[in-house]
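A quick write-up on the structure given underneath.
These numbers come from a predicted model, not from an experiment. Order of listing sets the numbers, starting from 1, for every ligand and every atom in it.
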Amino acid sequence: MLSPGLESILARPRPTPFLALDPGVARERYRALRAAFGDAARILYAVKACPEPAVLRALAGEGAGFDVASQGEIALCLAAGADPADLQHGNPVRGPGAAGLAAASGVRRFVTDSAEDVDALAAEVPGARVQVRLSVDDTGSATPFHGKFGALPGTAVALLRRAAERGLEPAGVTFHAGSQQTRPQTYATAVALALAVAGRAGLRRPELDLGGGWPVGYRSEVAGPGEFATAVRGAVDAAIAGGAVEAVTLLLEPGRAVVAPAGVLRATVLRVSRRPGIDHRRWVYLDVGRYQGLAETEGEAIGYPVRVPGRTGAAGPCVLAGPTCDGDDVIYRRTPVALPLDLAAGDVVDLLHTGAYTSSYASVGFNGFGPLEVVVADGA
Ligand SMILES: *Cc1c(COP(=O)(O)O)cnc(C)c1O
């Protein structure tokens with residue numbers, strides 16, 4: 001089930017915790033998205049999901065573009081061989097000078113969502129291509145953005161017009177329907193809204209950037225890329241048939257869906273204990289937790305599958321917790337986790353589908369526990 005590259009890393013004992021990462025799997029996932037959405041769709045990998053150079057090199061080699069948020073990410077992409085023309089600065093939160101610095105690196109594409117940012121862009125990068133980010137309904141997302149980004153439709157129309165007035169090139173509309181977004185219909189609804197906005201702003205042949213959000217089957221099956229592509233295509237065709245726009249250039253910014261299945265996080269059990277009166281379950285403490293890469297277990301938003309490679313006996317419920325002295329460093333309390341009843345300190349435990357939003361989220365050394373080491377598969 002795991003790739004040969006991941007199996008060979010895990011077959012060799014080494015100090016834990018570490019993230020085994022196979023860029024070849026990310027490459028396969030990228031190809032699957034391409035196959036579903038068609039060669040005309042442009043894929044910009046969202047670097048924040050996993051900025052590991054070997055992953056960026058593998059995707060640049062496939063011709064991917066990149067969604068970047070900072071000068072640090074721009075530098076990583078360029079070092080991996082990306083053409084700056086294929087980078088899109090997707091973070092509307094830019095401090096003074098940041099857009100100009102990105103432009104000096106060759107970046108010409110920016111996402112915006114406020115009048116303040118449009119004006120700053122016009123001053124720093126005259127003539128830049130801009131997409132306006134729309135705030136959309138994110139029903140079905142396990143990790144939504146809670147309104148941090150995006151403009152309402154009327155404002156988005158005004159921002160596209162303002163961009164043109166300020167000498168920018170209004171290219172189209174984007175949104176992010178929330179990460180781990182499991183409902184194809186949520187994309188279809190957002191697409192209809194985005195193309196109505198583009199049409200009202202006078203863009204006849206807009207870019208339609210679908211953002212990220214494509215889900216991963218962590219503990220249960222999710223719809224595949226084909227089902228999302230079908231929903232998107234239906235909404236695009238309806239908008240064209242309805243006269244909102246004439247034609248659409250599709251872009252996608254997947255992060256999680258490309259890289260999550262490329263990683264396995266191996267940890268070691270530090271202690272299995274029972275504390276009567278606290279919980280009827282065993283507490284299993286690992287050498288990895290919220291601060292060594294498992295940030296997405298906050299609120300138990302993402303439920304990684306857990307396996308114990310060395311034991312085969314009957315399993316029972318437990319609470320899974322991290323190693324630090326922080327009360328929030330509990331991985332799963334409500335999410336059911338059944339581990340072998342004979343589990344003991346020193347056993348290794350694997351958390352699967354952990355390639356996305358893990359190593360990039362690890363703290364530098366909270367409570368004396370270092371950041372997450374990454375071990376990349378051979379041949380990458
Ligand atoms: C994080 C992010 C993405 C990637 O989202 P996923 O849910 O990982 O696919 C794409 N676009 C933007 C602007 C983002 O901030």
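- Below 4.0 Å from some heavy atom of Tyr357 lie the following atoms of ligand 1, by number and element: 1 (C), 4 (C), 5 (O), 6 (P), 8 (O).
- Taking the charged nitrogens against the carboxylate oxygens, Arg290 and Glu296 have no contact shorter than 4.0 Å, which rules out a salt bridge.
- Among all protein heavy atoms, the one lying closest to atom 5 (O) of ligand 1 is His176 NE2, 2.9 Å.
- Residue-level proximity to ligand 1 for Arg133 is carried by the side chain, the only part with a heavy atom below 4.0 angstrom.
- Residue Tyr285 comes nearest to Ser273 through the heavy atom pair CE1-OG, 3.5 Å, listed as atom of the first residue, atom of the second, then distance.
- Trp214 pairs with exactly one of Tyr30, Tyr45, Tyr187 by the ring pair (Phe, Tyr, Trp, His ring centres under 6.0 Å) rule, that one being Tyr187.
- Atoms of ligand 1 lying under 4.0 Å from any heavy atom of Asp67, numbered from 1 in the order shown and given with element: 10 (C), 11 (N), 12 (C), 13 (C), 14 (C).
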From CA spacing to verdict: ring pair (Phe, Tyr, Trp, His ring centres under 6.0 Å), His176, Phe149: CA-CA 9 Å; His176 197 303; Phe149 300 105; 9.2 Å; no
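- Between Arg333 and Glu300 there is no salt bridge, since no side-chain N of the basic residue sits under 4.0 Å from a carboxylate O of the acidic one.
- Counting heavy atoms closer than 4.0 Å to ligand 1, residue Gln181 contributes nothing at all.
- Evaluated for a side chain to side chain contact (heavy atoms under 4.5 Å, CB included) with Leu320, the options Leu339, Thr335, Leu294, Val330 yield exactly one hit, Leu339.
- In summary, the atoms of ligand 1 found under 4.0 Å from a heavy atom of Pro254, numbered by their order in the structure, are 9 (O).
- Numbered from 1 in the order shown, with element, the atoms of ligand 1 that lie under 4.0 Å from a heavy atom of Ser179 read 6 (P), 7 (O), 8 (O).
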Side chain to side chain contact (heavy atoms under 4.5 Å, CB included) between Asp326 and Asn367, worked out: CA-CA 9 Å; Asp326 185 305; Asn367 217 181; 5.8 Å; no
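- Atoms of ligand 1 found under 4.0 Å from any heavy atom of Ala46, numbered from 1 in the order shown, are 3 (C), 4 (C), 10 (C).
- Checking only distances, Gly255 does come within under 3.5 Å of ligand 1, N or O to N or O.
- Side-chain N/O atoms of Asp209 and Gln88 include a donor and acceptor closer than 3.5 Å.
- Proximity to Lys48 (heavy-atom distance under 4.0 Å) selects the following atoms of ligand 1: 1 (C), 2 (C), 3 (C), 14 (C), 15 (O).
- Taking distance alone, with nitrogen or oxygen atoms compared against 3.5 Å, Gly213 approaches ligand 1 more closely than that limit.
- Of the listed options Glu253, Lys148, Gln88, Glu253 places a heavy atom closest to atom 13 (C) of ligand 1.
- Within the cation-pi definition used here (under 6.0 Å to the ring centroid, within 45° of the axis), Arg219 qualifies as a partner of Tyr332.
- Residue contacts with ligand 1: Arg256 is placed with a nitrogen or oxygen under 3.5 Å of a nitrogen or oxygen of the ligand (distance criterion only).
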